[in-house]
Amino acid sequence: MKDVHVTNAIRKYGLGIVVMGLTCGAALGGPVQAPAEAEVSDVASLAPDRPHRFFAGGWGSSGFVIFDADTGRMEGSVPAGYEANLSIAPDESRFYVSETYWTHGSRGKREDLVSIYDARTLNLVKEIDLPGRALVGKVQNFDLSASGSRGYVYVLHPASSVVWVDLKKQVVAGTVEIPGCALVFPWGEEGFSSLCGDGSLATVSISDSGSAKVTHTKPFFDANRDPIFENSFVDRDTGRAIFLSYSGLVYEAKLGLDTTVQKPWSIEQAAGYAAAGTGVQELAWRPGGVQLAAYHKASGRLFVLMHVGNYWTHKQGGTEIWVLDTKTHALLRRIPLQPVPTSGAADEKLPLYSSIGVSQDDKPLLYLLNPDGNDVVMDAATGEILRKIEFAAGHVVRVPGY
Amino acid sequence: MSKSPFDKLGERLTRQLAGYSSRRGFIARLGMTLAAAPILPLLPVARAAPPVKEPKTDFERYAQAKDDTQCNYWKYCAADGVLCSCCGGGSHTCPPGAEPSPISWIGTCVNPQDDRSYIIAYRDCCGKPLCSAGKTCHCDGADRELPTYRPQLNNDIIWCFGSASASYHCSTAALVGLAG
């Protein structure tokens, strides 16, 4: 039989295949191929050191899917419960999931957890019971201290507080009330800051013994007229923070025991336009989306999903990415985005990209998510689309090193 | 003595709350929030100023008052989620077996029939899995929607506080009263 196949192949593909066949045959020690070996059923593990790994998940998904953006391949996934969030240990040895379950699906006893996963095997290491957590899909509802020794979980009961978890001992260590404030922006090992409804930042320091102190900065933004997006940024190592407002003002801050906030600058003015106002019939370029901006810590570059719209379009996805240097307040590049093709129903709005992440290495990639999947990997320096990744759900993107 | 509009609104909200307020623990926690937070508005409606003389938002310009299963139905100007109208309920009615949250967040929408601003209580229906209605019933209005640190005006929070289960099923929008 084999000879017949070889003869047919020679007729079809010519001499090249004969040469190849002879070479292979010689290497195997003869024309007869050994039978395939029996396979072992085993379990994969995650490779270390993937600079372009990203995690996508959030509302409506059953976990955080891990992709290698250099290949577009799914590497695995971390299961997650209701309104879950994920933080990555700074040394990338652990993944932490803050999540909520009910014992009978959507009913029964409620359980709020921080679940710890091994970053190589993705095996569950430990579940830490929480006294509660906020059910709101915001990236900054869960984060770690600079070294990863503490986790901070934002709680809304609807009284606002933060539960802090000792991740070395793997226990809940305490709760701090933050009335009128929300979310966590950690700095160093000592504490975190929260955004407040009076336009200030709360500064929360927690000593090793567990005693907490809460102070406030002076109000510096108007939470009613031009609030700061929850999707703002802090470099946990340095405390350098970037806060972005609905109208496109950037407030740079140094978070810590003596938090300082600089005067804001306008990203529209950086692009040569007038600063965007707050008029409901005032068309201007505006930031918008779900996770609408990404920050590259080493370069200080800010990537913002932008669209033309009136005020109160802060949830609309982007038709462009604006790349801004937060050190010089300069616009470096505008990257146009195409809406994602859909099934083609006539009355269906084309989905715009609504979430963006950036890898933290020195050759950064951008990860763009939209509500319908069809995610995109883009070269952050050129705007070139490197590959597309079909992905069913999610609007949260997390990256190692942040 | 005649009551001011805010008195009337306060009375209506209180009566509504009383109708739901069997869970004392929850009300106590809410009370703690309000008492401990002088920087929060005392009542959410205190800050829900009517947009009387401002130009209308695009939502307000194109809103309709006939079909409450569409995202552009006027009361949904800041609704975020799946419409209960598509899930066996109505614009202010939970579907069978779901439980309305005792509290809500507050929006202000313009009724195209009389061009007046009304306070809307956005109340989630809870205790069942997410309603699997079609895509056109998933709305994301954002008029006057503020971040989580202004929770009474935020529509991303699961507003199922105080219900037996905080699992979100769908969203309603109950007219509370005139805003002006």
Side-chain angles (χ1 to χ4, degrees), chain A residues 59-60 82-83 100 102 104-110 134-138 140-141 154 156-160 177-183 194-200 202 216 219 223-224 227-231 246 279-282 288 290 309-316 345 347-348 371-372, chain B residues 25-26 28-41 47 49 51 54-61 77-78 80 99 103 105 126-130 135-136 138 140-162 164-169:
Chain A
W59 177 254
Y82 199 72
E83 282 283 25
T100 296
W102 289 270
H104 296 265
S106 59
R107 63 177 192 267
K109 183 174 174 283
R110 174 173 164 174
L135 298 182
V136 59
K138 302 290 174 186
Q140 288 309 130
N141 68 18
Y154 171 52
L156 189 64
H157 259 326
S160 278
E177 301 282 342
I178 50 164
C181 307
L183 308 174
S194 297
L195 284 163
C196 303
D198 67 348
S200 72
H216 284 263
N224 293 317
I228 283 173
F229 281 108
E230 294 125 316
N231 181 205
Y246 279 15
V280 299
Q281 288 298 331
E282 181 188 344
V290 180
N310 298 314
Y311 199 59
W312 302 126
T313 56
H314 53 282
K315 289 192 170 187
Q316 188 173 317
D347 59 345
E348 194 171 45
D372 289 3
Chain B
F26 163 73
R29 284 201 301 274
L30 177 64
M32 190 174 76
T33 312
L34 297 177
I39 45 182
L40 279 176
R47 295 295 183 94
E54 284 181 36
K56 287 182 179 174
T57 66
D58 279 355
F59 184 96
E60 289 161 352
R61 286 184 171 187
C77 72
D80 180 10
E99 181 186 5
I103 61 162
W105 69 281
C126 312
K128 302 184 79 167
L130 180 67
K135 208 172 161 185
T136 57
H138 290 246
D140 199 1
D143 278 7
R144 293 172 283 279
E145 194 264 354
L146 297 178
T148 323
Y149 49 84
R150 292 298 312 278
Q152 290 90 345
L153 296 170
N154 177 272
N155 68 10
D156 290 320
I157 295 167
I158 302 291
W159 275 95
C160 288
F161 301 106
S165 156
S167 174
Y168 168 86
H169 184 55

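If you're wondering where the values come from, they're calculated on a predicted model, not measured in any experiment. In the text below, chain A, chain B and the rest are named by the order of the sequence lines, each starting its count at 1.
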J.: Tell me, for A:E83 versus chain B, whether the close heavy atoms (under 4.5 Å) come from the side chain, the backbone, both or neither.
T.: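 Only the side chain of A:E83 comes within 4.5 Å of chain B.
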
J.: In terms of heavy-atom pairs under 4.5 Å with chain A, which of B:T57, B:N154, B:T148 leads?
T.: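 Of the candidates given, the most pairs with chain A belong to B:T148.
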
J.: Can you say whether B:Y168 sits under 4.5 Å from chain A via the side chain, the backbone, both, or neither, judging by heavy atoms?
T.: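 B:Y168 touches chain A through backbone and side-chain heavy atoms alike.
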
J.: Any idea which of B:G127, B:G141, B:C126, B:S165 has the most non-hydrogen atom pairs under 4.5 angstrom with chain A?
T.: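 Among the listed options, the one with the most contacts to chain A is B:S165.
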
J.: Heavy-atom cut-off 4.5 Å, strictly under: side chain, backbone, both or neither for A:Y246 against chain B?
T.: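 When you check distances to chain B, only side chain atoms of A:Y246 fall under 4.5 Å.
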
J.: Determine whether B:D143 and B:E60 make a side-chain contact, defined as any pair of heavy atoms from C-beta on separated by less than 4.5 Å.
T.: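 Sidechains of B:E60 and B:D143: in contact.
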
J.: Could you pull out all residues at least two apart from A:Q281 that satisfy side-chain contact (heavy atoms from CB on, under 4.5 Å)?
T.: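 Checked A:Q281 against side-chain contact (heavy atoms from CB on, under 4.5 Å); matches are A:N310, B:P55, B:D58, B:R61.
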
J.: Going by the angle between their ring planes, with limits at 30° and 60°, are A:H314 and A:F229 parallel, tilted or perpendicular?
T.: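 If you compare the ring of A:H314 with that of A:F229, the planes turn out tilted.
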
J.: Looking at chain B, which one of A:S194, A:A134, A:S106 has the largest number of heavy-atom pairs inside 4.5 Å, strictly under?
T.: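 Option with the top pair count is A:S106.
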
J.: Report the C-alpha separation of A:Y82 and A:W102 in whole Å, then their side-chain angles, then the decisive distance to 0.1 Å, and conclude whether the ring pair (Phe, Tyr, Trp, His ring centres under 6.0 Å) test is met.
T.: CA-CA 9 Å; A:Y82 199 72; A:W102 289 270; 5.1 Å; yes

J.: Indicate yes or no: at least one non-hydrogen side-chain atom of A:P158 is less than 4.5 angstrom from one of B:F161.
T.: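 With C-beta onward as the side chain, the pair touches.
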
J.: Between chain B and each of A:T313, A:L183, A:I178, A:I228, count heavy-atom pairs under 4.5 Å; write down the option with the most.
T.: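 The candidate making the most pairs under 4.5 Å is A:I228.
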
J.: side-chain contact (heavy atoms from CB on, under 4.5 Å) with B:D140: which residues, sequence neighbours excluded?
T.: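 B:D140 satisfies side-chain contact (heavy atoms from CB on, under 4.5 Å) with A:K315, B:D80, B:N155 once adjacent residues are dropped.
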
